[in-house]
Amino acid sequence: MEELTAMPITAGIDVGSLSAEAVVYSPERGIITYSIVPTGANSRRAAERALSEALAKNGNSLKFGDLDYIVATGYGRISVDFANKAVTEITCHAKGASFLRPGVKTVIDIGGQDSKVITLDGRGKVTDFVMNDKCAAGTGRFLEVMASALEVNLTDLASLSRKAAESVPISSMCTVFAESEVVSLIAEGTPPENIIRGLHDSIAKRVAGMAGRLNIGEPFAMTGGVAKNAGVVDSLKKILKADIFVPPEPQIAGALGAALLASEMIQ
Amino acid sequence: MPNSRPKVAWVCSYTPEEIIHAAGFQPVRLLAGDDPLINKSFPPNFCPYARQIAQRLEKGLEDELAGLVIANSCNAMMHLYNVARKTLRQEKNIFVYLLDLPRHQGPLAQAYFFNRLKEMSDFLGSQGKAVTAEALQAAVRLYGQTNKLLAESSLLPNPLFPPLQPLAYYDLAAEATAAPRKSINLSLERKLRDNGQQNGKEGQPYLLLTGTIPPRGLLELMEESAPFQLLQENCMTCRYFSAPDPAVLEGCSTREDILANLAASYLTKMPCPRLHHSARYHIYRQLFQGPNLKGLIFHDFGFCDLSHYDSLHLRAMAKEAGVPFLRIKTELGQKNLGQLKTRLEAFLEIIA
Ligand SMILES: Nc1ncnc2c1ncn2[C@@H]1O[C@H](COP(=O)(O)OP(=O)(O)O)[C@@H](O)[C@H]1O
């Protein structure tokens, strides 16, 4: 019996601006369970919900009390008072991405309200990073606003942009101006798919510009909710002239990294 | 009645407060407030410090001043001078004086600066009391006393290692440039006596913060999260607290002697990126070679060309020396430092 409990079970919780994720992990079993829930207004409650949902998905065979160590990350990390430690999402995304894609040298993480480019030493340790300034340009939130202006679903952006005959350049990066630019393009009768391609390209351009301030190298990986949008990934591949690894569930990379760090911290 | 001296404001640490004091005024430093910036006199892509000050002048927040001395340290200051001439001199009859600064060190620069200080003394004398040798001597003693106190209580002679914590040091600079100096010296004396020799533990890891004047909130964040002692090199710390030691008065009997010594001493103080690059970078090269510097953090408030070039140069130097480098941008008046916290903590996680 002793041996079964010898391996620590840890959890990582990533409280982002739009979504909160929890990952439960142990070195022998890998990712045991995970969840993604909307953040809502209360960071602490979102963290709690994410964790209990992850545990429930696993049939509640593990309880909160079975978790040996919890690391919180994301912009709401400080509010997660039941976590043992808080670590920034930069360190956690790097850790998570290099678990999912060993040897990764550059991680692009685009979430709801910020985008980051992180360089790694190839063994999961951050060497440098850049983060966008506080405005929403080039983030998931930007795409949400544009999708609603175009009256299309967020999840359809990728397939629509793949149908585009051309990319319509969007000159404004500011969300407010870009939105009115999009509205007038629609009014002029520009095919929505061409506008969407243009939006994806403009995000990719901005992120590539950020990446240019670092010493980036392959292999690349992309994490965060926007990695689920294959249209943005396409644009990024084109502009970076490189392949980009996207994990099956890119949104949980931060929480996974937190769980992995928790596992290291307890050993 | 030192409290009732009329106030004369200044904006650059190369302005000798001693001369302002000797002319019967109380020197006060104009620090940027944290009002949200509007764009009346300057466009948004302009030095935010100059914009903050211009805004304060326009709002009439500095109307109790008798005058303002602007050192011509960069283009933004020149533009600020033009705005101040209109809002203070023309509209309110508050004097505005432009102090020209050399860009170099050396005998010619000193001679040049000496002449500028003579002109400034004459001008301030005409607005207040004549700047005499005695008045200058008293002022040099008064202002030099602050630095002497700091230097004597520091365990290290290096001005980067003050005997105060970063926030206390910052607050001292803010207070020292607003209140009568005599009371500052007294309270500093008390503080240092109570604390003993504190900061500046040699042989221990430290982080260095440089760049433009940080918002107080940034220092709070750093004190909160930094696992190492934090040293600063900027216009609120060692570049400011480097007024001449009263010892420079020895052998000085005339006003000219004292002004020449002041000129020399200001030009050889802890240099700012605007002057004598090589001297400052030499200090950095030495710091980079030491084993205890764990990281260099450069604070930038945007739209300052000088600090931009400085950050590029320091980044290249840091890179070569293998010292982690972080550049953080804040806007003056910015209240939400949440994202800054993430940047700072991620940097600390890298170097941990
Ligand atoms: N299925 C999806 N298809 C396309 N985009 C998505 C999808 N799911 C999430 N996103 C994008 O991801 C963003 C949220 O990313 P996320 O990493 O969860 O942000 P945060 O960490 O700030 O909460 C959304 O704004 C949206 O643009």
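Side chains are part of it too, since the values below use all heavy atoms of this structure and drop only hydrogens, waters and symmetry mates. Here is the naming used below: chain letters follow the sequence lines, and residue numbers restart at 1 for every chain.
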Do the side chains of Asn215(A) and Lys319(B) get nearer than 4.5 Å, heavy atoms only? yes
Most contact-rich option vs chain B, by heavy-atom pairs under 4.5 angstrom, among Glu89(A), Arg77(A), Lys125(A), is Arg77(A)
Nearest non-hydrogen partners of Thr342(B) and Thr88(A), listed with the distance: O-CG2, 3.7 Å
Donor-acceptor contact below 3.5 Å, side chain Gln339(B) vs main chain Asn132(A): yes
Only counting residues at least two apart or in another chain, list the ones meeting side chain to side chain contact (heavy atoms under 4.5 Å, CB included) with Ala321(B). Phe288(B), Val323(B)
Which residues pass the side chain to side chain contact (heavy atoms under 4.5 Å, CB included) test with Asn42(A), not counting sequence neighbours? Arg44(A), Arg45(A)
Please check if atom CZ in Arg49(A) has more than 12 non-hydrogen atoms from other residues, nucleotides or ligands closer than 6.0 Å. yes
Glu264(A): what forms a salt bridge (charged side-chain N to carboxylate O under 4.0 Å, His left out) with it, not counting sequence neighbours? Lys95(A)
Enclosure of Lys228(A) NZ (heavy-atom neighbours >12, cutoff 6.0 Å): yes
Please state whether the side chain, the backbone, both or neither of Val87(A) comes within less than 4.5 Å of a heavy atom of chain B. both
Taking atom CZ of Phe177(A) as the centre, does the number of heavy atoms from other residues, nucleotides or ligands within less than 6.0 Å exceed 12? no
CE-CG distance between Met131(A) and Leu340(B), expressed to the nearest 0.5 angstrom: 9.0 Å
Is it the case that more than 12 heavy atoms not belonging to Lys105(A) sit under 6.0 Å from its NZ atom? no
With a 4.5 Å heavy-atom cut-off (strictly below), which parts of residues 344-352 of chain B touch chain A? List them by number. Glu345(B), Ala346(B), Phe347(B), Glu349(B), Ile350(B)
CD/Gln286(B): more than 12 non-hydrogen atoms of other groups inside 6.0 Å: yes
The interface call for Ile118(A) against chain B, heavy-atom contacts under 4.5 Å, is neither
